[in-house]
Amino acid sequence: MLTWDGSYFQATLPALWLDEKSLMPSYEMVEEFTQVHLQYADEHSIPFVSASSTVNDGYAAFGLEATSESYRKYGESIETGTTGTPHALALYYMLSPTDAIQRLNQLKLDSPQIETLAGWADAIDSSGRVSSQVIGLDQGMFVGAFIAESVRENVALYLDLKGHTSTLQSLYNSFVADETL
């Protein structure tokens, strides 16, 4: 599976509201996408790569070339590097709760400055430098990952009450991954 710039949040954000694992004919592509991000994070001792602040308090749409449609299909350059973001690691909780919690705890132990009074700093690089920015949207994804199951249940109930469940299922079932890049 590819996302536009290869960032982790683009692949997992819909799962905050929808039970994609049950909607997709095969969830294997999300799991494989996650494995690529895990390997990169482990190689560089960072959280997962995603659009986030930079450690210099700028902003970049960080991604991985291996999982970027823009790079692989169109040859466009993407923002790469060894900066990760805690919110993307928190999104991983929806796939692997135990490992995500262990990784977040280790990140906090290794880099206590990642946690601020306003939430978790938005970025950390492989040298341990941390952004001073805390971004509300990213904090929302961070928290949302931990309550996603109940949110998905409520969204499913709403869609069912409005008669849209079959339309949603049709959208997911009709998708065909028909390209190899």
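None of these values were measured; they are calculated from a predicted model.
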Indicate if L2 and V36 have the same hydrophobic cluster label, given that clusters are the connected sets of ILVMFWY residues with side-chain heavy-atom separations under 4.5 angstrom. no
Can you tell me how far CD1 of I78 sits from CZ of R72, rounded to the nearest 0.5 angstrom? 10.5 Å
To the nearest 0.5 Å, what is the distance between CG on L16 and CZ on R152? 8.0 Å
I want to check something: taking the side chain as every heavy atom from C-beta on, are L159 and L18 in contact at a cut-off of under 4.5 Å? yes
Below 30° counts as parallel, above 60° as perpendicular, anything between as tilted: where do the rings of Y74 and W4 land? tilted
Calculate, to the nearest 0.5 Å, the distance between atoms OG1 and CD belonging to T12 and Q10 respectively. 9.5 Å
Look at the aromatic rings of W120 and F142 and report parallel, tilted or perpendicular, splitting at 30° and 60°. tilted
Scanning both residues in full, the closest heavy-atom pair of M1 with A11 reads CE-CB, 3.0 Å
We want to know whether T54 and N56 form a side-chain donor-acceptor pair, criterion being a heavy-atom distance below 3.5 angstrom. no
Where the side chain of S111 meets the backbone of I114, is there a donor-acceptor pair that is under 3.5 Å apart? no
Distance (rounded to the nearest 0.5 Å) between Y71 OH and E65 CD: 4.0 Å
4.5 Å side-chain heavy-atom contact, V30 and L95: yes
Between Y92 and the options F48, F9, F146, the ring pair (Phe, Tyr, Trp, His ring centres under 6.0 Å) test singles out F48
Between S53 and F62, what is the shortest heavy-atom contact and its length? O-CE1, 3.7 Å
Exceeds 12 heavy-atom contacts within 6.0 angstrom, atom CD of Q113: yes
Is it the case that over 12 heavy atoms from other parts of the model lie below 6.0 angstrom from the CD atom of E43? yes
One pair to check against salt bridge (Lys or Arg N to Asp or Glu O under 4.0 Å): R103 and D42. What are the steps and the verdict? CA-CA 10 Å; R103 288 170 179 271; D42 289 346; 2.7 Å; yes
Measuring from S22:OG to Q169:CD, what's the distance to the nearest 0.5 Å? 8.0 Å
How close do S131 and A121 get, heavy atom to heavy atom, and via which atoms? O-CB, 3.3 Å
Are Y8 and T34 close enough that a side-chain donor and a side-chain acceptor fall under 3.5 Å? yes
From CG (D125) to OG1 (T85), nearest 0.5 Å: 12.5 Å
T165 side chain vs D160 backbone, donor-acceptor pair below 3.5 Å: yes
Between I135 and S52, is any pair of side-chain heavy atoms under 4.5 Å apart? no
Hey, are E20 and Y172 close enough side-chain-wise for a donor-acceptor pair under 3.5 Å? yes
Within 6.0 Å of OH in Y158, more than 12 heavy atoms from elsewhere: no
So, S70 versus E76: side-chain donor-acceptor pair below 3.5 Å or not? no
Minimum heavy-atom separation for A90 to A145, with atom names? O-CB, 3.1 Å
Short side-chain donor-acceptor distance under 3.5 Å, S132 and D57: yes
Would L38 and Q35 count as a side-chain contact (heavy atoms from CB on, under 4.5 Å) here? Give the steps. CA-CA 5 Å; L38 276 169; Q35 289 303 312; 3.4 Å; yes
Can you see which heavy atom on T82 is nearest to which on I46, and at what distance? O-CG2, 3.5 Å
Do S170 and N173 have side-chain N/O donor and acceptor atoms under 3.5 Å apart? no
Below 4.5 Å, heavy atoms only, C-beta onward: do S68 and T3 meet side chain to side chain? no
Name the residue from L89, L64, L91 that meets the side chain to side chain contact (heavy atoms under 4.5 Å, CB included) definition with H37. L64
Applying a strict under-4.5 Å side-chain criterion to I, L, V, M, F, W and Y, I'd like to know whether V49 and M29 cluster together. no
Which pair of non-hydrogen atoms, one from I124 and one from P47, has the smallest distance, and what is that distance? CG2-CD, 3.4 Å
Does S174 use its side chain to pair, donor to acceptor, with the backbone of L171 at less than 3.5 Å? yes
Applying the 4.5 Å side-chain criterion to the ILVMFWY set and letting contacts propagate, would Y93 and L104 be lumped into a single cluster? yes
Is there side-chain contact between D5 and E79, with heavy atoms separated by less than 4.5 Å? no
Treat each ILVMFWY residue as a node, draw an edge where side-chain heavy atoms are under 4.5 Å apart, and state whether L13 and V143 are in one component. no
Side-chain heavy atoms nearer than 4.5 Å, only ILVMFWY residues, links allowed to pass through others: does that put F33 and M141 together? yes
